[in-house]
S.K.: 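Before I ask anything, here is the structure I am working with.
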Amino acid sequence: MTNVSAPTHLDPSALGTKQYWDAAYDLELRNHTENPSDEGTVWFADSGAEEKIISYLETLEMDNQGEVNIENENLRILDLGTGNGHLLFALRDEGWKAKMVGVDYSEASVDLARRIGKARRDDQEREGCDGDELQDESERGEDHEEQRQQEEEVTFEHFDILNNQPGPWLDSGFDIVLDKGTFDAISLSDEVNAQGRKVFETYGSKVEPLMKIGGCLVITSCNWTEEELRKWFESAQLAYHDTIRFPSFTFGGAKGQTVSSVCFRRIEEKGSNGNAS
């Protein structure tokens with residue numbers, strides 16, 4: 001976190017507890033089991049946040065790579081607090097071929113996302129069997145296998161970012177890290193660490209090691225303003241890069257947005273001699 005004075009803490013809420021999210025995703029799991037078309041809640045849907053995030057990512061320039069290529073299969077994307085995995089599935093539906101990993105501290109969330117992923121693969125298999133009759137069998141097989149492999153590249157893992165070390169899925173790190181409402185939820189927790197600090201204050205320092213140097217973190221919030229997010233996340237290794245613009249409103253002479261979405265880039269930390277450490 002930057003040395004600038006931190007924003008005022010939010011009042012604690014049940015939404016900041018693991019118990020709340022376990023119960024929520026247990027319910028969504030039951031609903032999905034009864035009705036596979038019910039994939040659960042899409043957070044920020046009323047603001048069109050996912051569409052704006054995806055449109056923004058398509059124009060994002062990666063360090064030394066130029067504009068991001070959605071067909072780059074070597075690109076790696078991480079979704080923190082993935083929930084039902086909807087954002088990653090939406091990226092796949094838009095043609096992104098990156099390796100994608102969604103993580104969540106709720107086991108029920110991970111189970112739900114995996115089940116939805118399997119249902120999507122099963123649907124694609126059925127659609128492949130009913131595909132264009134003008135295609136010969138080998139062409140249909142190749143197209144079907146490519147679609148299935150892409151879906152299998154969306155994986156989901158149980159991970160508590162504040163308390164656990166990442167598993168083998170971290171590999172060499174991620175080019176793009178996404179957070180859509182996860183920092184919002186964590187910042188509603190009243191949990192404190194041994195030093196007496198709210199645990200959510202360490203979130204930025206936990207995200208940094210998951211990112212490649214030059215990689216980007218796109219964090220979307222309905223609880224924090226752009227200015228507050230910058231205060232929480234700017235550091236020696238996370239630099240402000242850009243802001244996604246949402247429709248604004250004016251109230252009492254002040255202008256604001258109901259949703260804030262900010263992009264930070266991981267940079268090499270400079271030592272006291274000015275060299276990268």
Side-chain angles (χ1 to χ4, degrees), residues 10 13 15-16 18 20-21 24-25 28 39-60 68 70 75-94 96 98 100-106 108-110 112-114 116-117 154-162 174-189 200 203-204 206-208 210-211 215-226 228-230 232-233 238 240-247 257-266:
L10 302 174
S13 161
L15 275 73
K18 186 175 183 295
Y20 175 91
W21 295 108
Y25 286 115
E28 294 198 350
E39 297 183 349
T41 303
V42 180
W43 298 99
F44 297 83
D46 55 349
S47 62
E50 283 194 357
E51 294 82 359
K52 286 188 173 292
I53 293 168
I54 293 171
S55 294
Y56 175 76
L57 293 178
E58 290 172 352
T59 67
L60 185 63
V68 68
I70 70 171
L75 195 71
R76 306 190 75 240
I77 299 176
L78 174 67
D79 186 24
L80 294 170
T82 194
N84 59 6
H86 194 274
L87 180 53
L88 295 182
F89 294 134
L91 283 166
R92 187 64 87 220
D93 289 342
E94 290 297 317
W96 287 71
M100 300 182 188
V101 179
V103 297
D104 205 292
Y105 74 167
S106 170
S109 157
V110 174
L112 175 63
R114 287 174 176 170
I116 293 172
V154 182
T155 60
F156 299 97
E157 304 290 345
H158 175 244
F159 176 57
D160 182 343
I161 189 171
L162 297 180
F174 292 87
D175 301 284
I176 298 172
V177 176
L178 305 172
D179 175 320
K180 181 168 64 75
T182 298
F183 182 64
D184 279 356
I186 290 175
S187 60
L188 292 170
S189 170
F200 82 87
Y203 185 72
K206 301 288 188 178
V207 174
E208 288 171 10
L210 307 178
M211 304 167 63
C216 289
L217 163 68
V218 179
I219 180 165
T220 301
S221 169
C222 63
N223 286 344
W224 302 102
T225 65
E226 173 189 340
E228 289 170 333
L229 288 173
R230 291 186 63 173
W232 282 126
F233 284 89
L238 280 181
Y240 170 78
H241 179 68
D242 199 3
T243 298
I244 302 176
R245 298 300 171 189
F246 285 81
Q257 299 178 163
T258 56
V259 174
S260 299
S261 196
V262 182
C263 178
F264 300 91
R265 191 180 295 278
R266 185 180 179 190

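Any value given below was found using the heavy atoms of this structure, including those in side chains, with hydrogens, waters and symmetry copies removed. As the structure is a computational prediction, the values presented were derived from the model and not from experiment.
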S.K.: Taking C-beta and beyond as the side chain, do Leu178 and Leu91 meet within less than 4.5 Å on heavy atoms?
M.R.: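 With C-beta onward as the side chain, the pair touches.
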
S.K.: His158 side chain to Tyr105 main-chain N or O, any donor-acceptor pair under 3.5 Å?
M.R.: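 Yes, because the side chain of His158 sits within donor-acceptor range (under 3.5 Å) of the backbone of Tyr105.
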
S.K.: What pair of heavy atoms forms the shortest contact from Gly16 to Ser189, and how long is it?
M.R.: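 Closest approach of Gly16 to Ser189, heavy atoms only: O-CB, 3.3 Å.
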
S.K.: Would you tell me whether Ser260 and Glu226 have side-chain atoms, one donor and one acceptor, within less than 3.5 Å of each other?
M.R.: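 No pair is found: no donor N or O on one side chain lies under 3.5 Å from an acceptor on the other.
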
S.K.: Can you check whether Cys216 reaches Asp175 side chain to side chain, under 4.5 Å on heavy atoms?
M.R.: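 A side-chain contact is absent here, since even the closest heavy-atom pair is not under 4.5 Å.
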
S.K.: Would Ile244 and Val218 count as a side-chain contact (heavy atoms from CB on, under 4.5 Å) if you check the C-alpha gap in whole Å, the side-chain angles of each, and the deciding distance to 0.1 Å?
M.R.: CA-CA 9 Å; Ile244 302 176; Val218 179; 4.0 Å; yes

S.K.: Taking atom CD1 of Ile53 and atom CD of Glu58, what is their separation to the nearest 0.5 Å?
M.R.: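 Spacing of CD1 (Ile53) from CD (Glu58) equals 12.5 Å.
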
S.K.: For a 4.5 angstrom cut-off between non-hydrogen side-chain atoms, does Ile176 reach Leu78?
M.R.: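 Contact flag for Ile176/Leu78 side chains = no.
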
S.K.: Sub-3.5 Å donor-acceptor pair from the side chain of Arg92 to the main-chain atoms of Ala98, do we have one?
M.R.: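 Answer holds: yes.
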
S.K.: Please report the closest heavy-atom contact between Leu112 and Glu28, naming both atoms and the distance.
M.R.: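 Closest heavy-atom pair between Leu112 and Glu28: CD2-OE1, 3.6 Å.
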
S.K.: If you apply the rule side-chain hydrogen bond (donor to acceptor under 3.5 Å, both in side chains), what do you find for His86 with Glu50, and how did you get there?
M.R.: CA-CA 9 Å; His86 194 274; Glu50 283 194 357; 2.8 Å; yes

S.K.: Distance from Ile116 atom CD1 to Leu88 atom CG, nearest 0.5 Å?
M.R.: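 If we round to the nearest 0.5 Å, Ile116:CD1 and Leu88:CG are 11.5 Å apart.
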
S.K.: With the side chain counted from C-beta on, respond yes when Asp184 and Trp224 share a heavy-atom pair under 4.5 Å apart, and no when they do not.
M.R.: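 Side-chain contact under 4.5 Å: yes.
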
S.K.: When rounded to the nearest 0.5 angstrom, what distance separates CZ in Arg230 from CD1 in Ile219?
M.R.: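 With rounding to 0.5 Å, CZ (Arg230) is 13.5 Å from CD1 (Ile219).
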
S.K.: Just how far is it from atom CD1 of Ile161 to atom OG1 of Thr182, taken to the nearest 0.5 Å?
M.R.: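 Atom-to-atom, Ile161:CD1 and Thr182:OG1 are 9.0 Å apart.
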
S.K.: Validate the cation-pi geometry between Arg76 and Phe174: distance from NZ or CZ to the six-membered ring centre under 6.0 Å, angle to the ring axis within 45°.
M.R.: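 Ring-cation test returns yes.
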
S.K.: Does Asn84 have any side chain to side chain donor-acceptor pair (under 3.5 Å) partners at least two apart in sequence or in another chain, and if so, which?
M.R.: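 None.
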
S.K.: For Asn223, which residues count as a side chain to side chain donor-acceptor pair (under 3.5 Å) partner, sequence neighbours excluded?
M.R.: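 Side chain to side chain donor-acceptor pair (under 3.5 Å) check on Asn223 returns nothing, list empty.
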
S.K.: Under 3.5 Å, side chain of Arg266 to main-chain N/O of Met211, donor-acceptor pair present?
M.R.: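 The answer is yes, because a donor-acceptor pair under 3.5 Å joins these two groups.
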
S.K.: Nearest 0.5 angstrom please: Glu51 CD to Phe44 CZ, how far?
M.R.: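 Taking CD in Glu51 and CZ in Phe44, the distance rounds to 13.0 Å.
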
S.K.: Atom SG in Cys222, atom CG in Asp46: separation rounded to 0.5 Å?
M.R.: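 It is 9.0 Å, given to the nearest 0.5 Å.
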
S.K.: According to side chain to side chain donor-acceptor pair (under 3.5 Å), who are the partners of Ser106, at least two apart in sequence or on a separate chain?
M.R.: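 Once residues adjacent in sequence are excluded, the partners of Ser106 under the side chain to side chain donor-acceptor pair (under 3.5 Å) criterion are Asp22.
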
S.K.: Could you work out, with ring pair (Phe, Tyr, Trp, His ring centres under 6.0 Å) as the rule, every residue matching Phe264, not counting sequence neighbours?
M.R.: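 Once residues adjacent in sequence are excluded, the partners of Phe264 under the ring pair (Phe, Tyr, Trp, His ring centres under 6.0 Å) criterion are Phe233.
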
S.K.: Checking Glu157 against Arg114 for the side-chain contact (heavy atoms from CB on, under 4.5 Å) test, could you report, in this order, the C-alpha distance in whole Å, the side-chain angles of both residues, the deciding distance, and whether it holds?
M.R.: CA-CA 9 Å; Glu157 304 290 345; Arg114 287 174 176 170; 3.8 Å; yes

S.K.: Under the 3.5 angstrom rule, does the side chain of Lys180 hit a backbone N or O of Trp43 as a donor-acceptor pair?
M.R.: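 It does hold such a pair.
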
S.K.: Ring centres of Phe156 and Tyr25 under 6.0 Å apart?
M.R.: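 No: the rings miss the under 6.0 Å criterion.
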
S.K.: Under a 4.5 Å cut-off applied to non-hydrogen side-chain atoms, are Leu80 and Tyr203 in contact?
M.R.: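 Yes, at least one pair of side-chain atoms sits under 4.5 Å.
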
S.K.: By ring pair (Phe, Tyr, Trp, His ring centres under 6.0 Å), which residues pair with Phe200, not counting sequence neighbours?
M.R.: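 Ring pair (Phe, Tyr, Trp, His ring centres under 6.0 Å) check on Phe200 returns His9, Phe183, Trp232.
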
S.K.: Using the test side chain to side chain donor-acceptor pair (under 3.5 Å), find all partners of Trp21 that sit at least two apart in sequence or belong to another chain.
M.R.: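 Not a single residue meets the side chain to side chain donor-acceptor pair (under 3.5 Å) criterion with Trp21.
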
S.K.: Search all heavy atoms of Val68 against all heavy atoms of Leu57 and return the closest pair with its distance.
M.R.: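 Distance-wise, the nearest heavy atoms are CG1-O, 2.7 Å.
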
S.K.: Walk me through whether Asp79 and Met100 qualify under side-chain contact (heavy atoms from CB on, under 4.5 Å).
M.R.: CA-CA 8 Å; Asp79 186 24; Met100 300 182 188; over 6 Å; no

S.K.: Report yes or no: is the cationic atom of Lys52 (NZ for Lys, CZ for Arg) closer than 6.0 Å to the six-membered ring centre of Phe246, at no more than 45° off its axis?
M.R.: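 Output yes; distance and angle both within limits.
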
S.K.: Among Asp179, Thr243, Thr220, Asp242, which residue satisfies the side chain to side chain donor-acceptor pair (under 3.5 Å) criterion with Ser261?
M.R.: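 Filter result, single survivor: Thr220.
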
S.K.: Test side-chain hydrogen bond (donor to acceptor under 3.5 Å, both in side chains) on Thr82 and Asp104 and set out the steps.
M.R.: CA-CA 6 Å; Thr82 194; Asp104 205 292; over 6 Å; no

